[in-house]
Undergrad: 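Next up is a structure, given as structure tokens.
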There are 2 protein chains.
Amino acid sequence: MSVVKERRERERAQRHQLIITAARELAETEGWEAVTTRRLAERVEYSQPVLYSHFSGKDAIVRAVAIDGFGELAAHLRRARLADSEPRQALHAVCRAYLDFAIERPALYQAMFVMPTDVKIADAETPQLRAAIDEIVSCFRPDNARRELFAEVIWSALHGIAVLADSGRIPPHRQEERLDFLVTQLADTPS
Amino acid sequence: MSVVKERRERERAQRHQLIITAARELAETEGWEAVTTRRLAERVEYSQPVLYSHFSGKDAIVRAVAIDGFGELAAHLRRARLADSEPRQALHAVCRAYLDFAIERPALYQAMFVMPTDVKIADAETPQLRAAIDEIVSCFRPDNARRELFAEVIWSALHGIAVLADSGRIPPHRQEERLDFLVTQLADTPS
DNA sequence: CAGGATGTCTAGCGTTGCTAGAGTGCCGTC
DNA sequence: GACGGCACTCTAGCAACGCTAGACATCCTG
């Protein structure tokens, strides 16, 4: 492979990422309804069709943003978990980190978890998402046979709290109180 | 007011509801992305502009469907709660009823809780939604000072379980197990 | 230096939510 | 009972959307 081709591919990869970050920034500042292919193309200073040489369509761009987000979420949760060694506090820290992540990047969080994408099971298909959830699982002892189930329920609760607060359906204050209650009740498990 | 005018208004109210139910049926059979103003107009056998004489726009139609859903959800939960007199079992029954509702009418549930509407705080503005949530609150003893908070967290968890299962992010089987765990852990509260 | 492949752009298609203005028919008044 | 006016509905069209075809330019290869 020639040197030129390598450079081309490198530039292409850069532009690929540029599109993703541009879409994300546009969504974070003006909301996803403002992310149109025209505005996005203008933002990356190319014409519309180049978007389609990188992604199969707009949905694929949103999905790419979401996958980026999964990786960041996993890192964010891992950092929180390792900061506290006590398992009980670790769960608390991870849960708080999850809610912080959702609240500080609402648009990114939407792309990851509420917008209609076909990112399915939190498993092999998207290892970053699997890794993020595993951070919750890891807060329980390895010999806990039901820790997978516990993590699913805690994740669900966190997700519910995040989206219902974001849409104003539950009052945004008292999030800390809700978090305390959730962890207190779900942390000490019978088994 | 003349008799004719009354009849007109009655017919108009009927058509109003016809639009709402048509939108809902279309969404439930083909998904919300298939609900366009043209298809909806064709379905109610009128031209597009009549929709705008009833609703300010498509969003308002979705919101009307959602509000209808809130009322149904409230009735559904109330029925479940009153079937069991034991408070502990009542909470279990209400939670199961909530998940059933979400799973059996996914499109309606989406309009109510995931699509971007400006239905805000679960309070005065939309009494039907408030009534639905109060069914969860009512599962706790009136002298429980924190029952409002408990209900919010349980609602959040139920919502999370519902949407993550619907989008295939957590395996759809074992919903019963998750429900059991949730109720067992959150039902007996310290206070 | 020509030929071909690669890559980008202009232009446009079909569909979307929504609206203006024409047309129609029904009502209440004299 | 004819008529003027009003309420109502429809046809037609706008701007913006996601997406694509085909022309044009640019660069590497033989």
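Labels below follow one simple rule: chain letters A, B, ... track the order of the sequence lines, proteins then strands, and each chain is numbered from 1. Computed from a predicted model, the values in this text were never measured in an experiment.
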Undergrad: Where along residues 26-39 of chain B does a heavy atom come under 4.0 Å from DNA chain C, residue by residue in number order?
TA: B:Val35, B:Thr36, B:Thr37, B:Arg38
Undergrad: Decide yes or no for A:Asp166 and A:Ile103: does some side-chain heavy atom of the first lie under 4.5 Å from some side-chain heavy atom of the second?
TA: no
Undergrad: Of all residues at least two apart in sequence or in a different chain, which pass the side-chain hydrogen bond (donor to acceptor under 3.5 Å, both in side chains) check with A:Asp180?
TA: A:His92
Undergrad: Please give, in whole Å, the distance from D:dC8 P to B:His16 NE2?
TA: 15 Å
Undergrad: Can you tell me the distance, in whole Å, between the CZ atom of B:Arg12 and the P atom of D:dA7?
TA: 12 Å
Undergrad: Using atom types as modelled, flag every donor-acceptor pair under 3.5 Å from a side chain in residues 131-138 of chain A to any protein atom, sequence neighbours excluded.
TA:
{"from": "A:Asp134", "atom 1": "OD1", "to": "A:Arg130", "atom 2": "NE", "distance (Å)": "3.2"}
{"from": "A:Asp134", "atom 1": "OD1", "to": "A:Arg130", "atom 2": "NH2", "distance (Å)": "2.8"}
{"from": "A:Glu135", "atom 1": "OE1", "to": "A:Arg81", "atom 2": "NE", "distance (Å)": "2.6"}
{"from": "A:Glu135", "atom 1": "OE1", "to": "A:Arg81", "atom 2": "NH2", "distance (Å)": "3.2"}
{"from": "A:Glu135", "atom 1": "OE2", "to": "A:Arg78", "atom 2": "NE", "distance (Å)": "3.4"}
{"from": "A:Ser138", "atom 1": "OG", "to": "A:Asp134", "atom 2": "O", "distance (Å)": "2.7"}

Undergrad: Residues of residues 45-56 of chain A with any non-hydrogen atom less than 4.0 angstrom from an atom of DNA chain C: list those, numerically ordered, please.
TA: A:Tyr46, A:Ser47, A:Pro49, A:Val50
Undergrad: Does B:Arg96 have any salt bridge (charged side-chain N to carboxylate O under 4.0 Å, His left out) partners at least two apart in sequence or in another chain, and if so, which?
TA: B:Glu176
Undergrad: Applying side chain to side chain contact (heavy atoms under 4.5 Å, CB included), can you list everything that pairs with A:Ala13, at least two apart in sequence or on another chain?
TA: none
Undergrad: Is A:Arg15 positioned over the aromatic face of A:Tyr46, cation under 6.0 angstrom from the ring centre and no more than 45 degrees off axis?
TA: yes
Undergrad: I'd like to know if B:Glu28 pairs up with B:Arg24 as an ion pair, taking the criterion as any Lys NZ or Arg NE/NH1/NH2 lying under 4.0 Å from an Asp or Glu carboxylate oxygen.
TA: yes
Undergrad: Using whole Å, report how far CG of B:Leu40 lies from P of C:dC18.
TA: 12 Å
Undergrad: Please compare A:Asp59 and B:Arg15 by the position of their nearest nucleotide in DNA chain D and report the one closer to 5'.
TA: B:Arg15
Undergrad: B:Phe150 and A:Phe181: aromatic ring centres closer than 6.0 Å?
TA: yes
